[in-house]
Amino acid sequence: MKKRVGVLALQGDFEAHEKALVRAGAEAVQVRTASELESVDGLVIPGGESTTMLKLLNLMDLKEPLRRFIGEKPVFGTCAGAILLANEVCNPAQESFGAVDLTVERNAYGRQIDSRVAHITPEAEFRERAGGDDLEAVFIRAPIIRRAGPGVKVLAEYHGNPVLVEQGKYLIATFHPELTMDSRVHKLFLSKL
Amino acid sequence: MILDNEQFRLKVGLAEMLKGGVIMDVVNAEQAVIAERAGACAVMALERVPSDIRKEGGVARMSPVSIIREIMASVSIPVMAKARIGHFSEARILEALGVDYIDESEVLTPADEEHHILKKDFSVPFVCGARNLGEALRRIAEGAAMIRTKGEAGSGNIVEAVRHIRTIVKEMRHLTILGKEELVHEAKILGAPLDLVEWVAEHGKLPVPNFSAGGIATPADAALVLNLGAEAVFVGSGIFKSSDPEARAKAIVKATTYYKDPQKLLEASEELGMAMPGLDISKLPEGELMQTRGW
């Protein structure tokens with residue numbers, strides 16, 4: 001049976017994630033309410049504006065249901081999603097769910113003009129589990145992981161900073177695998193479900 | 001083709017991140033902070049909001065650089081700024097300043113009555129207005145990485161935004177049922193490049209995100225255009241010309257996410273003060289329309 005994965009659809013590139021999950025072999029559903037959240041086996045928090053997502057989580061009383069979900073089930077965060085899952089956020093400091101032992105600096109590469117597509121060679125562990133080719137990493141006003149705790153496994157780096165990491169049931173990417181046709185990162189997430 | 005270009009994909013990528021969000025017009029840093037606090041996914045810096053431009057007349061230009069700089073320093077969300085149609089020097093200044101997106105906008109007084117900016121020459125992404133599919137595809141061919149339907153800015157009247165999104169959606173749907181040999185003729189009628197016409201015929205959508213602007217004044221207005229196919233909204237005068245900017249901004253943000261949920265739309269519509277005053281566009285003289293600017 002196909003795994004049923006939610007994509008938090010408050011704001012951001014949730015449609016791109018839905019398509020990527022379908023390409024990776026899952027059933028994808030948009031999640032905007034606590035009851036929709038209860039119906040899924042795992043969740044993707046997409047790219048977008050983390051401040052906007054936080055506002056809506058507060059405004060719609062979704063923060064506690066999401067905190068409980070994160071405590072129980074696998075979650076994959078890209079870009080804004082990475083910021084929301086980290087335990088420390090700077091530039092500026094803002095609240096987050098603290099699920100993954102990371103310090104993340106927002107907009108750390110600069111503005112849109114500093115956004116880029118990079119070709120990176122992932123760590124051996126990722127290559128063994130997901131396949132060997134380089135990853136095309138799309139960074140858009142991306143955050144940088146400034147510190148990864150001892151329990152965090154780094155799966156890929158770019159210019160010496162971790163860009164794809166995992167900690168238990170959580171997967172974090174500061175880039176956007178959903179904007180390429182390469183399904184390996186999404187498949188890796190599905191393997192956690 | 002432009003769609004395969006790596007830099008173009010990055011520009012479209014930022015537009016993807018703004019989907020489901022509200023981009024709010026602001027004229028200073030104080031308004032930008034209110035917009036961010038209310039949940040805007042980006043702000044648009046401009047000299048005057050469209051309803052004031054309409055009232056005061058004169059030439060509307062790019063915002064003063066000092067104000068854009070203050071806005072950029074005061075918020076962490078993306079900052080867009082408007083340049084006049086065809087005014088590539090204003091656009092170069094905005095690019096050098098480091099804004100995240102440029103709106104080549106009919107709301108400002110056009111600088112060129114035949115040509116738009118050749119946007120693919122820039123590293124900063126552009127959004128442009130369109131009233132129909134041909135106009136949208138011409139702008140994409142020039143390098144626009146996001147389209148917004150024009151509506152009638154500063155009117156507080158949603159009728160033109162509805163007309164434009166319906167027109168574009170209908171024209172795209174029409175392309176999907178045509179035979180391949182018919183698309184050449186269709187490209188000629190639309191005044192748009194054949195490769196982009198073929199792309200739309202195959203996918204049934206624009207190759208870049210399609211947002212809506214011009215006349216959105218209430219949460220219900222935002223929900224309406226999203227249900228008609230827009231992927232995000234720009235709100236101009238609708239917020240800071242209402243009696244309760246921050247509450248209204250929050251309500252429109254909520255309505256944009258929950259546009260299919262009547263109960264949540266009801267909640268978003270409660271306890272709001274007066275919307276901005278509206279204009280009957282059919283009574284406006286032709287020369288005062290902003291939507292007819294752009295070629």
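Residue numbers begin at 1 in each chain, while the letters A, B, ... track the order of the sequences.
Contacts classified as salt bridge (charged side-chain N to carboxylate O under 4.0 Å, His left out) and involving residues 24-37 of chain B (residues at least two apart or in different chains) are given here: B:Arg37-B:Glu246.
Residues passing the ring-ring contact (aromatic ring centres under 6.0 Å, His included) test with A:Tyr158 are A:Phe139, sequence neighbours excluded. Listed by chain and residue number, B:Met62, B:Arg69, B:Ile93, B:Leu97 satisfy the side chain to side chain contact (heavy atoms under 4.5 Å, CB included) test with B:Val65 (two or more places apart in sequence, or in another chain).
Residue B:Phe211 forms a side-chain contact (heavy atoms from CB on, under 4.5 Å) with just one option from B:Leu18, B:Val127, B:Val233, and that option is B:Leu18. Partner of A:Leu171 under the side-chain contact (heavy atoms from CB on, under 4.5 Å) criterion, out of A:Leu155, A:Val75, A:Val44: A:Leu155 alone. Under the salt bridge (charged side-chain N to carboxylate O under 4.0 Å, His left out) test applied with B:Glu104, the options B:Lys119, B:Arg148, B:Arg139 reduce to a single match, B:Lys119.
The closest side-chain donor-acceptor pair between A:Glu36 and A:Ser39, if any, does not fall under 3.5 angstrom.
Only the backbone of A:Ala9 comes within contact range of chain B, with heavy atoms under 4.5 Å apart. Using a 4.5 Å cut-off between heavy atoms, A:Leu10 touches chain B through backbone and side chain atoms alike. Only the side chain of A:Glu178 comes within contact range of chain B, judged by heavy atoms closer than 4.5 Å. Interface remark: B:Val12 contributes no atoms to any contact with chain A (heavy atom separation under 4.5 Å). Of the atoms belonging to A:Thr51, it is side-chain heavy atoms, and not backbone ones, that fall under 4.5 Å from chain B. The part of A:Arg141 that comes within reach of chain B is its side chain, from C-beta onward, which places non-hydrogen atoms under 4.5 angstrom from that chain. Proximity to chain A is absent for every atom of B:Gln7, based on heavy atoms less than 4.5 angstrom apart. Within the 4.5 angstrom heavy-atom criterion, no atom of A:Met53 approaches chain B.
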Walk me through whether A:Phe189 and A:Lys192 qualify under side-chain contact (heavy atoms from CB on, under 4.5 Å). CA-CA 5 Å; A:Phe189 176 61; A:Lys192 295 176 176 297; 4.3 Å; yes
Worked check of side-chain hydrogen bond (donor to acceptor under 3.5 Å, both in side chains) between A:Gln11 and A:Glu49: CA-CA 7 Å; A:Gln11 192 274 316; A:Glu49 283 305 314; over 6 Å; no
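Interface summary for chain A: among B:Lys19, B:Lys250, B:Met17, B:Glu16, the most heavy-atom pairs under 4.5 angstrom belong to B:Met17. Per-residue counts of heavy-atom pairs under 4.5 Å with chain A were compared for B:Ser123, B:Gly98, B:Ser76; the largest is that of B:Ser76. The residue among A:Arg116, A:Met60, A:His176 with the most heavy atom pairs within less than 4.5 Å of chain B is A:Met60. Chosen from A:Val117, A:Ile113, A:Leu179, the residue pairing most often with chain B at heavy-atom distances under 4.5 Å is A:Val117. Counting heavy-atom pairs under 4.5 Å between each of A:Lys55, A:Arg111, A:Glu15 and chain B puts A:Arg111 at the top. Chosen from A:Asp114, A:Leu56, A:Leu59, the residue pairing most often with chain B at heavy-atom distances under 4.5 Å is A:Leu56.
Within the model, atoms OH of A:Tyr109 and CG of A:Asn107 stand 12.0 Å from one another, a figure rounded to the nearest 0.5 Å.
Residues of residues 81-106 of chain A that come closer than 4.5 Å to chain B, counting heavy atoms only, are A:Pro92, A:Arg106, ordered by residue number.
The residues A:Arg129 and A:Glu125 are annotated as salt-bridged, a charged nitrogen and a carboxylate oxygen being separated by less than 4.0 angstrom. For the pair B:Lys82 and B:Asp103, the salt-bridge criterion is met [side-chain N within less than 4.0 Å of a carboxylate O]. B:Arg9 and B:Glu6 are not joined by a salt bridge, as no carboxylate oxygen comes within less than 4.0 angstrom of a charged side-chain nitrogen.
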